[in-house]
Amino acid sequence: MPNDGSDPRIDVGEVVRSYSRRVLDEFSHRKREGGAGEESIDQAVRRVLSDRLPARYGVAEGVVVDTSGGQTKPFGALIFDRERLPILRGEDDVGFWPFESVYAVVEIRDKLTREELETAVQNVSAFKALEREPITSASATGFTVSGEVANPPLALLIAREHAEDLLPSETEFNDIVKSVTRDRQLDAYCVISGPLGVLGREVPRLGLLLGFSDKGPTKIYHFTFGAGALAAFLLMVTGILNKIRLGEPALVHYLRSASP
C-alpha cells in the first residue's frame, strides 16, 4: 500500500549530490563533439546555463543596449527572456539585446584575480547604469496607462578558480565588490572549486530570503559547497530569476532609432 512504509524512500541528499556531480562533470567536459578542440570557459558556462535553466530563459553572448543609447561591453553570457524579442545581431555577428529583455549578465573568468574582479565589478556597474523602459499597462474603457517598477537587473560572476591571495568572503574581495554603489554591485558569484555568494537578506523567523528586496537592505551571503558549488549556484540563481519583473515588453521604443 502507498505510504504504509513499504515504498522505497528517496534519499534527497544523495539526489542533490548526484545532480551536483553531473553538473560539474558537464562543465568540466571541455572537449567538443567531433574532436574539434576544447571549449573556452565562456562556451562551457553558456552550455551549462542553457542546458540547466528553465526553458523560458535564453542564454547568449553579446552587448546590452537601452533606449537612451547606452550600451555595455560584450558579455560572455547573458540571460534573456525567450518570449520577448527576435534575436538581433549586428553586422559583425555580435548579438545585441534590449535591456528590457535581459534578466542578468554573467562575467566569466578562468582564474579570478584581484585585477579580474575589479574589471568585472566595473563592467557590471556599467550594465546596471542602463535604463529600462517602465512597464506600461492599459485598463478599462478610458485607456488608463499606468507604470510599474521593474526589478533591478542581476549581475553574476562565474570563475573556474580564484587566486590564492583573493579569497571570496574575505575583506579584500568584499571591498572590491563594494567599490561601487549598492545598486550597481555584483549580486552573486560562484567559484567552481567551492565558494559562492548570493544576494539576500535575513528575516526574523523566516531565515534567509534570496533576491532583491524593497523592504530592507540586502547583501551577499557567502557559502562553501565544494563540488556542489555550481549546482547550488544554479538553484539559488534560478529562484532569484523567477522573481524578476522586466521592463516594457513591447520594445517598440527601440524603433525610434531605425525610423527614417
Side-chain angles (χ1 to χ4, degrees), residues 19-33 36-64 72-82 87 89 93-97 101-113 115-128 153-163 166 168 173 177 186-199 220 223-242 244:
Y19 174 81
S20 300
R21 289 192 293 268
R22 290 198 305 272
V23 173
L24 183 60
D25 182 64
E26 287 178 17
F27 181 83
S28 302
H29 186 67
R30 300 178 67 182
K31 289 290 185 181
R32 294 179 181 172
E33 292 184 6
E38 287 191 344
E39 286 183 317
S40 68
I41 186 172
D42 287 25
Q43 291 169 326
V45 167
R46 288 196 298 271
R47 173 173 53 79
V48 168
L49 291 178
S50 182
D51 289 347
R52 294 288 179 174
L53 288 177
R56 66 183 284 191
Y57 302 116
V59 178
E61 58 183 319
V63 171
V64 183
T72 68
K73 63 167 280 295
F75 284 97
L78 54 85
I79 301 170
F80 65 95
D81 192 307
R82 289 184 179 275
I87 295 177
R89 293 191 179 277
D93 207 36
V94 174
F96 63 98
W97 307 88
S101 69
V102 175
Y103 291 97
V105 293
V106 188
E107 281 284 275
I108 305 171
R109 297 292 186 272
D110 205 6
K111 187 170 187 176
L112 188 63
T113 63
E115 292 73 21
E116 292 285 5
L117 179 59
E118 289 173 343
T119 300
V121 165
Q122 292 303 315
N123 289 343
V124 300
S125 176
F127 162 68
K128 289 192 170 189
L154 194 61
L156 310 176
L157 169 67
I158 296 178
R160 184 177 301 281
E161 60 181 342
H162 61 82
L166 183 69
F173 184 97
V177 170
L186 191 69
D187 298 304
Y189 73 87
C190 176
V191 179
I192 307 303
S193 58
L196 68 86
V198 62
L199 185 72
I220 291 183
F223 307 89
T224 298
F225 283 92
L230 186 56
F233 183 76
L234 284 172
L235 292 168
M236 292 180 179
V237 167
T238 299
I240 298 176
L241 288 173
N242 289 338
I244 293 179

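The figures here come from the full heavy-atom set of this structure, side chains too, leaving out hydrogens, waters and symmetry mates.
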Quick one: side chain to side chain contact (heavy atoms under 4.5 Å, CB included) partners of A120, sequence neighbours excluded? E107, R109, L157
Please give me the minimum heavy-atom distance between S20 and A231, naming the atom from each residue. OG-CB, 3.4 Å
Check: R46 side chain, V59 main-chain N or O, donor-acceptor pair, under 3.5 Å: no
Between T238 and L234 (side chain of the first, backbone of the second, donor and acceptor by atom type, cut-off under 3.5 Å), is there such a pair? yes
Rounded at 0.5 Å granularity, tell me how far SG in C190 sits from CG in L112. 11.5 Å
For side-chain contact (heavy atoms from CB on, under 4.5 Å), just list the numbers for L166 and E116, CA-CA rounded to whole Å, side-chain angles, deciding distance to a tenth of an Å, and then say yes or no. CA-CA 11 Å; L166 183 69; E116 292 285 5; over 6 Å; no
Which word best sums up how the rings of F127 and F75 line up, parallel for under 30°, tilted for 30 to 60°, or perpendicular for over 60°? perpendicular
Can you find a pair of side-chain heavy atoms, one from N123 and one from T72, that are under 4.5 Å apart? no
Give every donor-acceptor pair under 3.5 Å between a side-chain atom in residues 48-56 and any protein atom, sequence neighbours left out.
{"from": "R52", "atom 1": "NH2", "to": "E26", "atom 2": "OE2", "distance (Å)": "2.6"}
{"from": "R56", "atom 1": "NH2", "to": "Y103", "atom 2": "OH", "distance (Å)": "3.0"}

Counting only N and O atoms by type, is there a donor-acceptor contact under 3.5 Å from the side chain of D187 to the main-chain atoms of A155? yes
So how far is it from I79 CD1 to I244 CD1, rounded to the nearest 0.5 Å? 8.5 Å
L230 and side-chain contact (heavy atoms from CB on, under 4.5 Å): which single residue from V45, L235, L196, I192 fits? I192
Please name all residues satisfying side chain to side chain contact (heavy atoms under 4.5 Å, CB included) with E115, sequence neighbours left out, ordered by chain then number. T113
Heavy-atom closest pair (W97 atom, G62 atom, distance to 0.1 Å) is NE1-CA, 4.1 Å
Is the shortest side-chain heavy-atom distance between V191 and F233 below 4.5 Å? no
So do H162 and F173 actually touch side chain to side chain, heavy atoms under 4.5 Å? no
